[in-house]
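Reviewing the structure listed below.
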There are 2 protein chains.
Amino acid sequence: MHASRTCGTRTPPASEGLSRRRAGRPFAAILDKTRITSAALEIIGRKGYDGLTMAGLAKQLEVAPSALYNHVTAKRDVLQLAEDHLISMVDVSLFGRAPWEEAARIWAWSYRDVFAQHTSLIPVIAVLPVTNAPQTLEMYETVTRAFAAAGFPQNLIVSSIVAFESFIFGSAYDVTAPDDIFEAGSTVDSTPHFRAALKAGRVNERPADTAFELGLEALIAALARSLC
Amino acid sequence: MHASRTCGTRTPPASEGLSRRRAGRPFAAILDKTRITSAALEIIGRKGYDGLTMAGLAKQLEVAPSALYNHVTAKRDVLQLAEDHLISMVDVSLFGRAPWEEAARIWAWSYRDVFAQHTSLIPVIAVLPVTNAPQTLEMYETVTRAFAAAGFPQNLIVSSIVAFESFIFGSAYDVTAPDDIFEAGSTVDSTPHFRAALKAGRVNERPADTAFELGLEALIAALARSLC
DNA sequence: ACCTGAACACCGTTCAAGT
DNA sequence: ACCTGAACACCGTTCAAGT
(Lines give C-alpha, C1' and ligand atoms only; values in the text may rest on other atoms or scores of the structure.)
Protein backbone atom coordinates (compact mmCIF):
# COMPACT_ATOMS: atom_id res chain seq x y z
CA MET A 1 0.00 0.00 0.00
CA HIS A 2 1.01 3.59 -0.71
CA ALA A 3 4.45 2.69 -1.97
CA SER A 4 5.52 6.29 -2.35
CA ARG A 5 6.46 6.89 1.27
CA THR A 6 9.48 5.47 3.14
CA CYS A 7 10.03 2.67 0.66
CA GLY A 8 13.64 1.91 1.47
CA THR A 9 15.96 4.81 0.79
CA ARG A 10 14.87 5.59 -2.73
CA THR A 11 15.37 9.30 -3.27
CA PRO A 12 13.57 10.39 -6.43
CA PRO A 13 15.97 12.24 -8.73
CA ALA A 14 14.43 15.66 -8.81
CA SER A 15 16.00 16.95 -12.00
CA GLU A 16 16.25 13.78 -14.03
CA GLY A 17 12.85 14.01 -15.62
CA LEU A 18 10.03 11.48 -15.38
CA SER A 19 10.93 8.24 -13.71
CA ARG A 20 7.66 6.57 -14.56
CA ARG A 21 7.81 3.14 -16.15
CA ARG A 22 6.66 3.12 -19.75
CA ALA A 23 6.21 -0.13 -21.64
CA GLY A 24 7.18 -0.40 -25.26
CA ARG A 25 3.49 -0.14 -26.14
CA PRO A 26 1.94 3.32 -26.55
CA PHE A 27 0.97 3.71 -22.89
CA ALA A 28 1.15 2.15 -19.51
CA ALA A 29 -1.88 3.17 -17.54
CA ILE A 30 -0.87 5.03 -14.43
CA LEU A 31 -4.16 5.58 -12.69
CA ASP A 32 -7.14 3.42 -11.93
CA LYS A 33 -9.97 3.53 -9.43
CA THR A 34 -8.20 1.23 -6.99
CA ARG A 35 -5.13 3.43 -6.77
CA ILE A 36 -7.27 6.56 -6.47
CA THR A 37 -9.33 5.01 -3.68
CA SER A 38 -6.40 3.90 -1.58
CA ALA A 39 -4.61 7.20 -2.02
CA ALA A 40 -7.77 9.03 -1.00
CA LEU A 41 -8.17 6.87 2.09
CA GLU A 42 -4.55 7.46 2.99
CA ILE A 43 -4.99 11.23 2.80
CA ILE A 44 -8.31 11.17 4.68
CA GLY A 45 -6.71 9.10 7.41
CA ARG A 46 -3.81 11.47 7.67
CA LYS A 47 -5.42 14.86 7.24
CA GLY A 48 -9.14 14.31 7.52
CA TYR A 49 -11.82 14.96 5.00
CA ASP A 50 -11.12 18.67 4.79
CA GLY A 51 -7.54 17.81 3.91
CA LEU A 52 -8.60 15.81 0.88
CA THR A 53 -8.32 17.94 -2.25
CA MET A 54 -8.13 16.92 -5.85
CA ALA A 55 -4.77 18.66 -6.11
CA GLY A 56 -3.43 16.85 -3.05
CA LEU A 57 -4.76 13.54 -4.31
CA ALA A 58 -3.07 14.10 -7.66
CA LYS A 59 0.18 14.99 -5.94
CA GLN A 60 0.08 11.82 -3.86
CA LEU A 61 -0.38 9.85 -7.08
CA GLU A 62 2.35 11.85 -8.85
CA VAL A 63 0.00 13.00 -11.52
CA ALA A 64 -1.56 16.22 -12.77
CA PRO A 65 -4.89 17.09 -11.14
CA SER A 66 -6.67 16.99 -14.46
CA ALA A 67 -5.62 13.38 -14.96
CA LEU A 68 -8.00 12.33 -12.20
CA TYR A 69 -10.94 13.35 -14.33
CA ASN A 70 -10.23 10.53 -16.74
CA HIS A 71 -11.36 8.13 -14.00
CA VAL A 72 -13.87 10.03 -11.91
CA THR A 73 -16.40 12.61 -13.01
CA ALA A 74 -16.15 14.70 -9.84
CA LYS A 75 -14.79 14.75 -6.33
CA ARG A 76 -18.04 13.21 -5.17
CA ASP A 77 -17.03 10.03 -6.99
CA VAL A 78 -13.84 9.82 -4.97
CA LEU A 79 -15.81 10.13 -1.76
CA GLN A 80 -18.19 7.42 -2.90
CA LEU A 81 -15.30 5.10 -3.63
CA ALA A 82 -13.90 5.78 -0.18
CA GLU A 83 -17.27 5.22 1.43
CA ASP A 84 -17.81 1.88 -0.23
CA HIS A 85 -14.40 0.72 0.95
CA LEU A 86 -15.23 1.83 4.48
CA ILE A 87 -18.36 -0.29 4.49
CA SER A 88 -16.26 -3.39 3.96
CA MET A 89 -14.74 -2.74 7.38
CA VAL A 90 -18.07 -3.13 9.15
CA ASP A 91 -18.35 -6.40 11.05
CA VAL A 92 -21.13 -8.60 9.68
CA SER A 93 -19.40 -11.83 10.62
CA LEU A 94 -21.87 -12.83 13.30
CA PHE A 95 -24.95 -12.79 11.11
CA GLY A 96 -26.05 -16.35 10.60
CA ARG A 97 -23.67 -17.62 13.25
CA ALA A 98 -25.08 -16.06 16.40
CA PRO A 99 -28.53 -15.12 17.69
CA TRP A 100 -30.00 -12.18 15.79
CA GLU A 101 -29.80 -9.77 18.72
CA GLU A 102 -26.14 -10.44 19.28
CA ALA A 103 -25.19 -10.24 15.61
CA ALA A 104 -27.09 -6.97 15.19
CA ARG A 105 -25.41 -5.56 18.28
CA ILE A 106 -21.89 -6.26 17.01
CA TRP A 107 -22.81 -5.01 13.54
CA ALA A 108 -24.23 -1.74 14.87
CA TRP A 109 -21.30 -1.00 17.17
CA SER A 110 -18.70 -1.60 14.49
CA TYR A 111 -20.75 0.34 11.94
CA ARG A 112 -20.86 3.30 14.31
CA ASP A 113 -17.17 3.08 15.13
CA VAL A 114 -16.15 3.06 11.48
CA PHE A 115 -18.19 6.14 10.64
CA ALA A 116 -17.35 7.96 13.85
CA GLN A 117 -13.87 8.23 12.39
CA HIS A 118 -15.25 9.39 9.07
CA THR A 119 -18.27 11.55 9.84
CA SER A 120 -17.62 13.64 6.76
CA LEU A 121 -18.67 10.67 4.66
CA ILE A 122 -22.08 10.38 6.33
CA PRO A 123 -23.69 12.99 4.08
CA VAL A 124 -22.19 11.05 1.17
CA ILE A 125 -23.47 7.60 2.08
CA ALA A 126 -26.86 8.90 3.10
CA VAL A 127 -27.55 9.96 -0.45
CA LEU A 128 -25.37 7.46 -2.31
CA PRO A 129 -27.26 5.19 -4.70
CA VAL A 130 -26.07 1.69 -3.91
CA THR A 131 -25.79 1.05 -7.63
CA ASN A 132 -22.26 2.40 -7.50
CA ALA A 133 -21.35 0.77 -4.20
CA PRO A 134 -20.90 -3.00 -4.49
CA GLN A 135 -19.56 -3.49 -0.97
CA THR A 136 -22.48 -1.56 0.48
CA LEU A 137 -24.89 -3.66 -1.50
CA GLU A 138 -23.23 -6.81 -0.26
CA MET A 139 -23.62 -5.70 3.35
CA TYR A 140 -27.33 -5.06 2.82
CA GLU A 141 -27.71 -8.52 1.33
CA THR A 142 -26.02 -10.19 4.28
CA VAL A 143 -28.04 -8.25 6.84
CA THR A 144 -31.29 -8.81 5.00
CA ARG A 145 -30.71 -12.55 4.80
CA ALA A 146 -30.02 -12.73 8.53
CA PHE A 147 -33.08 -10.65 9.42
CA ALA A 148 -35.26 -12.89 7.28
CA ALA A 149 -33.76 -16.03 8.78
CA ALA A 150 -34.41 -14.68 12.26
CA GLY A 151 -38.10 -14.49 11.44
CA PHE A 152 -38.65 -10.87 10.57
CA PRO A 153 -41.73 -10.17 8.49
CA GLN A 154 -40.51 -9.54 4.96
CA ASN A 155 -42.11 -6.11 4.71
CA LEU A 156 -40.39 -4.76 7.83
CA ILE A 157 -36.81 -5.69 7.04
CA VAL A 158 -35.71 -2.70 4.97
CA SER A 159 -37.41 -0.23 7.29
CA SER A 160 -35.72 -1.85 10.25
CA ILE A 161 -32.31 -1.65 8.62
CA VAL A 162 -32.87 1.99 7.73
CA ALA A 163 -33.93 2.74 11.30
CA PHE A 164 -30.77 1.13 12.62
CA GLU A 165 -28.64 3.03 10.14
CA SER A 166 -30.25 6.36 10.94
CA PHE A 167 -29.50 5.86 14.59
CA ILE A 168 -25.97 4.71 13.79
CA PHE A 169 -25.14 7.71 11.61
CA GLY A 170 -26.50 10.19 14.12
CA SER A 171 -24.61 8.47 16.90
CA ALA A 172 -21.39 8.55 14.89
CA TYR A 173 -21.57 12.35 14.94
CA ASP A 174 -22.14 12.27 18.65
CA VAL A 175 -18.85 10.47 19.20
CA THR A 176 -16.96 13.35 17.64
CA ALA A 177 -18.68 16.02 19.71
CA PRO A 178 -16.33 17.96 21.98
CA ASP A 179 -16.49 17.08 25.65
CA ASP A 180 -17.66 20.54 26.62
CA ILE A 181 -20.48 20.62 24.08
CA PHE A 182 -23.07 20.97 26.81
CA GLU A 183 -21.23 23.60 28.79
CA ALA A 184 -23.71 26.41 29.26
CA GLY A 185 -21.12 28.83 30.49
CA SER A 186 -23.36 31.71 31.44
CA THR A 187 -23.00 33.23 34.88
CA VAL A 188 -26.74 33.30 35.38
CA ASP A 189 -28.10 29.80 35.05
CA SER A 190 -31.29 29.84 33.01
CA THR A 191 -31.24 26.08 32.55
CA PRO A 192 -31.16 24.55 36.03
CA HIS A 193 -32.96 21.30 35.16
CA PHE A 194 -30.77 20.58 32.18
CA ARG A 195 -27.63 21.32 34.10
CA ALA A 196 -28.66 19.06 36.97
CA ALA A 197 -29.50 16.21 34.60
CA LEU A 198 -26.19 16.70 32.87
CA LYS A 199 -24.37 16.33 36.16
CA ALA A 200 -26.34 13.27 37.21
CA GLY A 201 -25.82 11.57 33.85
CA ARG A 202 -22.05 11.89 33.80
CA VAL A 203 -21.33 8.43 35.07
CA ASN A 204 -19.17 7.40 32.17
CA GLU A 205 -16.18 9.13 30.66
CA ARG A 206 -17.56 8.25 27.26
CA PRO A 207 -21.08 9.70 27.32
CA ALA A 208 -21.59 8.96 23.63
CA ASP A 209 -21.27 5.24 24.38
CA THR A 210 -23.89 5.43 27.11
CA ALA A 211 -26.40 7.09 24.81
CA PHE A 212 -25.63 4.69 21.97
CA GLU A 213 -26.10 1.64 24.11
CA LEU A 214 -29.35 2.99 25.50
CA GLY A 215 -30.80 3.66 22.07
CA LEU A 216 -29.44 0.55 20.44
CA GLU A 217 -30.82 -1.77 23.09
CA ALA A 218 -34.15 0.01 22.80
CA LEU A 219 -34.24 -0.60 19.07
CA ILE A 220 -33.17 -4.23 19.38
CA ALA A 221 -35.66 -4.97 22.13
CA ALA A 222 -38.57 -3.37 20.35
CA LEU A 223 -37.78 -4.91 16.99
CA ALA A 224 -37.29 -8.34 18.52
CA ARG A 225 -40.95 -8.24 19.44
CA SER A 226 -42.03 -8.26 15.84
CA LEU A 227 -40.25 -11.61 15.50
CA CYS A 228 -42.51 -14.02 17.34
CA MET B 1 -37.71 40.77 6.99
CA HIS B 2 -35.27 41.12 4.13
CA ALA B 3 -36.35 44.60 3.15
CA SER B 4 -34.16 44.68 0.11
CA ARG B 5 -36.45 42.72 -2.20
CA THR B 6 -39.75 43.88 -3.68
CA CYS B 7 -40.42 46.56 -1.05
CA GLY B 8 -42.81 48.71 -2.98
CA THR B 9 -41.35 50.10 -6.17
CA ARG B 10 -38.23 51.64 -4.74
CA THR B 11 -35.58 51.53 -7.43
CA PRO B 12 -32.20 52.23 -5.89
CA PRO B 13 -30.41 55.00 -7.80
CA ALA B 14 -27.48 53.12 -9.19
CA SER B 15 -25.22 56.03 -9.96
CA GLU B 16 -26.13 58.39 -7.14
CA GLY B 17 -23.61 57.02 -4.68
CA LEU B 18 -24.39 55.48 -1.33
CA SER B 19 -27.97 55.75 -0.26
CA ARG B 20 -27.31 54.40 3.20
CA ARG B 21 -28.65 56.40 6.08
CA ARG B 22 -25.96 58.02 8.14
CA ALA B 23 -26.82 59.79 11.37
CA GLY B 24 -25.03 62.97 12.34
CA ARG B 25 -22.90 60.95 14.72
CA PRO B 26 -19.71 59.29 13.40
CA PHE B 27 -21.38 56.09 12.28
CA ALA B 28 -24.65 54.28 11.90
CA ALA B 29 -24.03 50.59 12.31
CA ILE B 30 -25.13 48.72 9.23
CA LEU B 31 -24.62 45.13 10.26
CA ASP B 32 -25.47 43.09 13.31
CA LYS B 33 -25.88 39.41 14.04
CA THR B 34 -29.64 39.54 13.62
CA ARG B 35 -29.43 40.94 10.10
CA ILE B 36 -26.68 38.50 9.19
CA THR B 37 -28.70 35.56 10.50
CA SER B 38 -31.87 36.40 8.64
CA ALA B 39 -30.01 37.11 5.42
CA ALA B 40 -28.19 33.79 5.74
CA LEU B 41 -31.45 31.93 6.32
CA GLU B 42 -32.98 33.65 3.32
CA ILE B 43 -30.13 32.55 1.08
CA ILE B 44 -30.09 29.01 2.47
CA GLY B 45 -33.82 28.74 1.89
CA ARG B 46 -33.45 29.97 -1.66
CA LYS B 47 -30.25 28.29 -2.82
CA GLY B 48 -29.41 25.70 -0.21
CA TYR B 49 -26.36 25.44 1.95
CA ASP B 50 -23.97 25.16 -0.97
CA GLY B 51 -25.36 28.43 -2.26
CA LEU B 52 -24.43 30.27 0.90
CA THR B 53 -21.14 32.08 0.44
CA MET B 54 -19.64 34.93 2.38
CA ALA B 55 -19.56 36.97 -0.82
CA GLY B 56 -23.22 36.24 -1.54
CA LEU B 57 -24.17 37.00 2.03
CA ALA B 58 -22.35 40.32 1.84
CA LYS B 59 -24.04 41.17 -1.44
CA GLN B 60 -27.47 40.45 0.02
CA LEU B 61 -26.63 42.82 2.87
CA GLU B 62 -25.21 45.42 0.46
CA VAL B 63 -21.86 45.35 2.13
CA ALA B 64 -18.28 44.32 1.35
CA PRO B 65 -17.45 40.70 2.23
CA SER B 66 -14.77 41.79 4.64
CA ALA B 67 -17.32 43.77 6.64
CA LEU B 68 -18.87 40.50 7.83
CA TYR B 69 -15.74 39.69 9.75
CA ASN B 70 -16.43 42.53 12.16
CA HIS B 71 -19.35 40.47 13.47
CA VAL B 72 -18.40 36.85 12.95
CA THR B 73 -15.01 35.23 13.16
CA ALA B 74 -15.66 32.72 10.39
CA LYS B 75 -18.34 31.23 8.18
CA ARG B 76 -18.88 28.59 10.84
CA ASP B 77 -20.30 31.31 13.07
CA VAL B 78 -22.90 32.15 10.47
CA LEU B 79 -23.96 28.52 10.27
CA GLN B 80 -24.19 28.34 14.05
CA LEU B 81 -26.42 31.39 14.11
CA ALA B 82 -28.64 29.80 11.47
CA GLU B 83 -28.74 26.54 13.36
CA ASP B 84 -29.80 28.13 16.60
CA HIS B 85 -32.61 29.92 14.82
CA LEU B 86 -33.74 26.67 13.27
CA ILE B 87 -34.02 25.02 16.66
CA SER B 88 -36.61 27.59 17.69
CA MET B 89 -38.86 26.13 15.00
CA VAL B 90 -38.98 22.73 16.69
CA ASP B 91 -42.30 22.04 18.38
CA VAL B 92 -41.90 21.62 22.13
CA SER B 93 -45.35 22.96 22.93
CA LEU B 94 -46.78 19.67 24.14
CA PHE B 95 -44.22 19.06 26.85
CA GLY B 96 -45.94 19.52 30.20
CA ARG B 97 -49.35 19.66 28.57
CA ALA B 98 -49.71 16.14 27.19
CA PRO B 99 -48.59 12.65 28.19
CA TRP B 100 -44.83 12.21 27.83
CA GLU B 101 -45.07 9.76 24.93
CA GLU B 102 -47.28 12.05 22.90
CA ALA B 103 -45.19 15.16 23.56
CA ALA B 104 -41.98 13.34 22.66
CA ARG B 105 -43.56 12.04 19.48
CA ILE B 106 -44.58 15.49 18.24
CA TRP B 107 -41.22 16.93 19.26
CA ALA B 108 -39.28 14.24 17.40
CA TRP B 109 -41.30 14.47 14.21
CA SER B 110 -41.03 18.26 14.02
CA TYR B 111 -37.34 18.12 14.92
CA ARG B 112 -36.75 15.68 12.06
CA ASP B 113 -38.81 17.72 9.61
CA VAL B 114 -36.92 20.92 10.36
CA PHE B 115 -33.52 19.33 9.83
CA ALA B 116 -34.59 17.26 6.85
CA GLN B 117 -34.82 20.59 5.06
CA HIS B 118 -31.44 21.64 6.37
CA THR B 119 -29.29 18.51 6.48
CA SER B 120 -26.19 20.57 5.80
CA LEU B 121 -26.53 22.01 9.28
CA ILE B 122 -26.48 18.61 10.96
CA PRO B 123 -22.68 18.41 11.03
CA VAL B 124 -22.78 21.91 12.51
CA ILE B 125 -25.22 21.26 15.33
CA ALA B 126 -23.68 17.91 16.16
CA VAL B 127 -20.49 19.62 17.22
CA LEU B 128 -21.85 23.01 18.27
CA PRO B 129 -21.19 23.90 21.90
CA VAL B 130 -24.53 25.04 23.27
CA THR B 131 -22.75 27.93 24.92
CA ASN B 132 -23.25 29.93 21.77
CA ALA B 133 -26.76 28.69 21.08
CA PRO B 134 -29.34 30.12 23.48
CA GLN B 135 -32.36 28.72 21.66
CA THR B 136 -30.85 25.25 21.60
CA LEU B 137 -30.14 25.48 25.29
CA GLU B 138 -33.70 26.54 25.95
CA MET B 139 -35.04 23.53 24.07
CA TYR B 140 -32.88 21.19 26.13
CA GLU B 141 -34.15 22.80 29.33
CA THR B 142 -37.78 22.34 28.29
CA VAL B 143 -37.29 18.74 27.26
CA THR B 144 -35.30 17.89 30.37
CA ARG B 145 -37.95 19.35 32.65
CA ALA B 146 -40.67 17.31 30.93
CA PHE B 147 -38.65 14.09 31.07
CA ALA B 148 -38.02 14.62 34.76
CA ALA B 149 -41.67 15.40 35.42
CA ALA B 150 -42.67 12.23 33.60
CA GLY B 151 -40.65 10.23 36.08
CA PHE B 152 -37.41 9.55 34.26
CA PRO B 153 -34.47 8.70 36.49
CA GLN B 154 -32.29 11.79 36.63
CA ASN B 155 -29.19 10.01 35.36
CA LEU B 156 -30.86 8.71 32.19
CA ILE B 157 -32.33 11.96 30.90
CA VAL B 158 -29.43 13.39 28.95
CA SER B 159 -28.53 10.04 27.42
CA SER B 160 -32.14 9.55 26.38
CA ILE B 161 -32.27 12.96 24.72
CA VAL B 162 -29.01 12.30 22.91
CA ALA B 163 -30.32 8.92 21.72
CA PHE B 164 -33.44 10.60 20.36
CA GLU B 165 -31.40 13.28 18.66
CA SER B 166 -29.00 10.81 17.08
CA PHE B 167 -31.91 8.93 15.58
CA ILE B 168 -33.53 12.19 14.47
CA PHE B 169 -30.44 13.52 12.71
CA GLY B 170 -29.78 10.27 10.92
CA SER B 171 -33.40 10.07 9.87
CA ALA B 172 -33.32 13.62 8.56
CA TYR B 173 -30.68 12.55 6.05
CA ASP B 174 -32.82 9.64 5.06
CA VAL B 175 -35.64 11.97 4.06
CA THR B 176 -33.43 13.62 1.49
CA ALA B 177 -32.25 10.36 -0.07
CA PRO B 178 -33.24 9.93 -3.70
CA ASP B 179 -36.06 7.50 -4.37
CA ASP B 180 -33.87 5.20 -6.38
CA ILE B 181 -31.14 4.99 -3.73
CA PHE B 182 -31.63 1.25 -3.38
CA GLU B 183 -31.75 0.52 -7.09
CA ALA B 184 -29.16 -2.20 -7.64
CA GLY B 185 -29.26 -1.84 -11.38
CA SER B 186 -27.03 -4.75 -12.30
CA THR B 187 -28.24 -7.24 -14.86
CA VAL B 188 -27.11 -10.16 -12.76
CA ASP B 189 -28.79 -9.98 -9.39
CA SER B 190 -26.29 -10.80 -6.68
CA THR B 191 -28.59 -9.52 -3.95
CA PRO B 192 -31.84 -11.48 -4.26
CA HIS B 193 -32.84 -11.33 -0.58
CA PHE B 194 -32.29 -7.62 -0.34
CA ARG B 195 -34.19 -6.95 -3.54
CA ALA B 196 -37.13 -9.06 -2.41
CA ALA B 197 -37.28 -7.33 0.96
CA LEU B 198 -37.12 -3.98 -0.79
CA LYS B 199 -40.10 -4.89 -2.92
CA ALA B 200 -42.10 -6.21 0.02
CA GLY B 201 -41.39 -3.14 2.13
CA ARG B 202 -42.54 -0.60 -0.41
CA VAL B 203 -46.00 -0.15 1.04
CA ASN B 204 -45.72 3.58 1.48
CA GLU B 205 -44.71 6.20 -1.01
CA ARG B 206 -42.68 7.84 1.73
CA PRO B 207 -40.40 5.04 2.92
CA ALA B 208 -38.41 7.41 5.12
CA ASP B 209 -41.55 8.02 7.18
CA THR B 210 -42.13 4.31 7.66
CA ALA B 211 -38.61 3.76 8.96
CA PHE B 212 -38.77 6.83 11.19
CA GLU B 213 -42.03 5.78 12.77
CA LEU B 214 -40.73 2.28 13.36
CA GLY B 215 -37.58 3.48 15.08
CA LEU B 216 -39.21 6.29 16.98
CA GLU B 217 -41.94 4.10 18.44
CA ALA B 218 -39.28 1.57 19.39
CA LEU B 219 -37.34 4.23 21.27
CA ILE B 220 -40.41 5.63 22.97
CA ALA B 221 -41.71 2.21 24.00
CA ALA B 222 -38.39 1.04 25.38
CA LEU B 223 -37.65 4.27 27.20
CA ALA B 224 -41.14 4.41 28.68
CA ARG B 225 -40.26 1.23 30.54
CA SER B 226 -37.61 2.98 32.56
CA LEU B 227 -40.35 5.25 33.89
CA CYS B 228 -42.26 3.03 36.28
C1' DA C 1 -6.85 6.16 -24.26
C1' DC C 2 -4.78 8.83 -21.04
C1' DC C 3 -1.81 12.50 -19.42
C1' DT C 4 0.04 17.63 -19.13
C1' DG C 5 -0.23 22.56 -18.68
C1' DA C 6 -2.71 26.51 -18.60
C1' DA C 7 -6.74 28.70 -17.65
C1' DC C 8 -11.39 29.71 -15.51
C1' DA C 9 -14.52 30.93 -12.12
C1' DC C 10 -14.82 30.70 -8.00
C1' DC C 11 -13.89 30.13 -2.55
C1' DG C 12 -12.88 32.06 2.74
C1' DT C 13 -10.06 35.20 4.98
C1' DT C 14 -6.70 39.07 6.00
C1' DC C 15 -5.29 43.71 6.36
C1' DA C 16 -3.94 48.44 5.46
C1' DA C 17 -6.51 52.33 4.56
C1' DG C 18 -10.22 55.23 5.15
C1' DT C 19 -14.23 57.72 7.99
C1' DA D 1 -16.02 51.13 15.80
C1' DC D 2 -16.97 49.63 11.45
C1' DC D 3 -16.60 49.66 6.52
C1' DT D 4 -13.98 49.44 1.74
C1' DG D 5 -10.79 47.70 -1.68
C1' DA D 6 -7.21 44.97 -2.85
C1' DA D 7 -4.78 41.05 -2.17
C1' DC D 8 -3.67 36.15 -0.77
C1' DA D 9 -3.76 31.35 -0.93
C1' DC D 10 -6.42 28.40 -2.13
C1' DC D 11 -10.52 25.45 -4.37
C1' DG D 12 -12.90 22.01 -8.29
C1' DT D 13 -13.19 21.64 -13.04
C1' DT D 14 -12.46 22.25 -18.17
C1' DC D 15 -10.03 21.80 -22.38
C1' DA D 16 -6.75 22.18 -26.13
C1' DA D 17 -2.56 20.07 -26.83
C1' DG D 18 0.47 16.37 -26.72
C1' DT D 19 1.91 11.07 -27.01
Side-chain angles (χ1 to χ4, degrees), chain A residues 4 12 14-37 39-40 43-44 47-82 120-121 123-124, chain B residues 4 12 14-37 39-40 43-44 47-82 120-121 123-124:
Chain A
S4 64
S15 54
E16 251 186 37
L18 299 181
S19 64
R20 248 178 254 113
R21 71 245 136 56
R22 288 250 155 106
R25 261 72 54 79
F27 269 99
I30 295 173
L31 289 179
D32 57 45
K33 289 197 177 182
T34 307
R35 288 200 65 209
I36 292 176
T37 305
I43 293 175
I44 290 171
K47 309 201 286 180
Y49 163 81
D50 287 338
L52 177 68
T53 66
M54 295 301 273
L57 185 56
K59 189 172 188 179
Q60 170 107 354
L61 291 161
E62 293 178 311
V63 117
S66 51
L68 296 169
Y69 290 88
N70 288 310
H71 302 89
V72 298
T73 66
K75 187 182 179 182
R76 178 174 30 83
D77 284 10
V78 178
L79 296 175
Q80 291 187 359
L81 289 168
S120 298
L121 288 178
V124 174
Chain B
S4 64
S15 54
E16 251 185 38
L18 299 181
S19 65
R20 250 179 251 112
R21 68 244 136 53
R22 288 249 155 106
R25 259 73 53 81
F27 270 99
I30 295 173
L31 290 179
D32 57 45
K33 289 197 176 181
T34 307
R35 288 201 65 209
I36 291 175
T37 305
I43 292 174
I44 289 171
K47 308 203 284 180
Y49 163 81
D50 287 337
L52 177 68
T53 66
M54 296 301 273
L57 185 56
K59 189 172 188 178
Q60 169 108 352
L61 291 161
E62 293 179 311
V63 117
S66 52
L68 295 169
Y69 291 86
N70 288 311
H71 302 89
V72 298
T73 67
K75 188 182 179 183
R76 177 175 31 85
D77 284 9
V78 178
L79 295 175
Q80 291 188 358
L81 289 168
S120 298
L121 288 179
V124 174

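It should be emphasised that the depicted structure is a prediction, and the values quoted were computed from it without experimental measurement. Per chain, numbering begins at 1; letters A, B, ... match sequence-line order.
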Partner nucleotide of D:dG18 by Watson-Crick or wobble geometry (both distances under 3.5 Å): C:dC2
Evaluation steps, side chain to side chain contact (heavy atoms under 4.5 Å, CB included), between B:Val124 and B:Gln80: CA-CA 7 Å; B:Val124 174; B:Gln80 291 188 358; 4.0 Å; yes
Between N or O atoms, less than 3.5 Å apart, protein on one side and nucleotides 6-10 of chain D on the other: list the pairs.
none

Sugar-phosphate, base or nothing in reach of B:Leu52, heavy atoms under 4.0 Å: sugar-phosphate
Rounded interatomic separation in angstrom, taking CD1 from A:Ile36 and P from C:dC2: 11 Å
Residues B:Leu81, B:Val72; criterion side chain to side chain contact (heavy atoms under 4.5 Å, CB included); working and verdict: CA-CA 10 Å; B:Leu81 289 168; B:Val72 298; 4.3 Å; yes
Side-chain N or O of A:His71 closer than 4.0 Å to phosphate OP1/OP2 of C:dA1: no
Distance, rounded to the nearest Å, where A:Asn70 contributes CG and C:dT4 contributes C1': 11 Å
Heavy atoms from other residues, nucleotides or ligands near NZ of A:Lys75 exceed 12 (cutoff 6.0 Å): yes
Taking every non-hydrogen atom, the tightest pair across A:His71 and A:Asp32: CD2-CA, 4.1 Å
Test side chain to side chain contact (heavy atoms under 4.5 Å, CB included) applied to B:Leu31 and B:Asn70, step by step: CA-CA 9 Å; B:Leu31 290 179; B:Asn70 288 311; over 6 Å; no
Integer-rounded Å distance: D:dC2 C1' and B:Glu62 CD: 17 Å
Side chains of B:Arg35 and B:Ile30 in contact at under 4.5 Å (non-hydrogen atoms): yes
Nearest-Å distance for atom pair CG/P, residues B:Leu57 and C:dG12: 10 Å
Distance, rounded to the nearest Å, where A:Tyr69 contributes OH and D:dG12 contributes P: 7 Å
Audit row: A:Leu52, A:Gln60, side chain to side chain contact (heavy atoms under 4.5 Å, CB included) steps and yes/no: CA-CA 11 Å; A:Leu52 177 68; A:Gln60 170 107 354; over 6 Å; no
Counterpart base for D:dA9, defined by Watson-Crick or G-U wobble contacts under 3.5 Å: none
5′-ward residue of the pair A:Met54/A:Ala67 relative to DNA chain D: A:Met54
Selection from D:dC3, C:dC2, D:dT4 that lies nearest to any side-chain heavy atom of B:Ala64: D:dT4
Distance in angstrom units between B:Leu79 CG and C:dG12 P, rounded: 10 Å
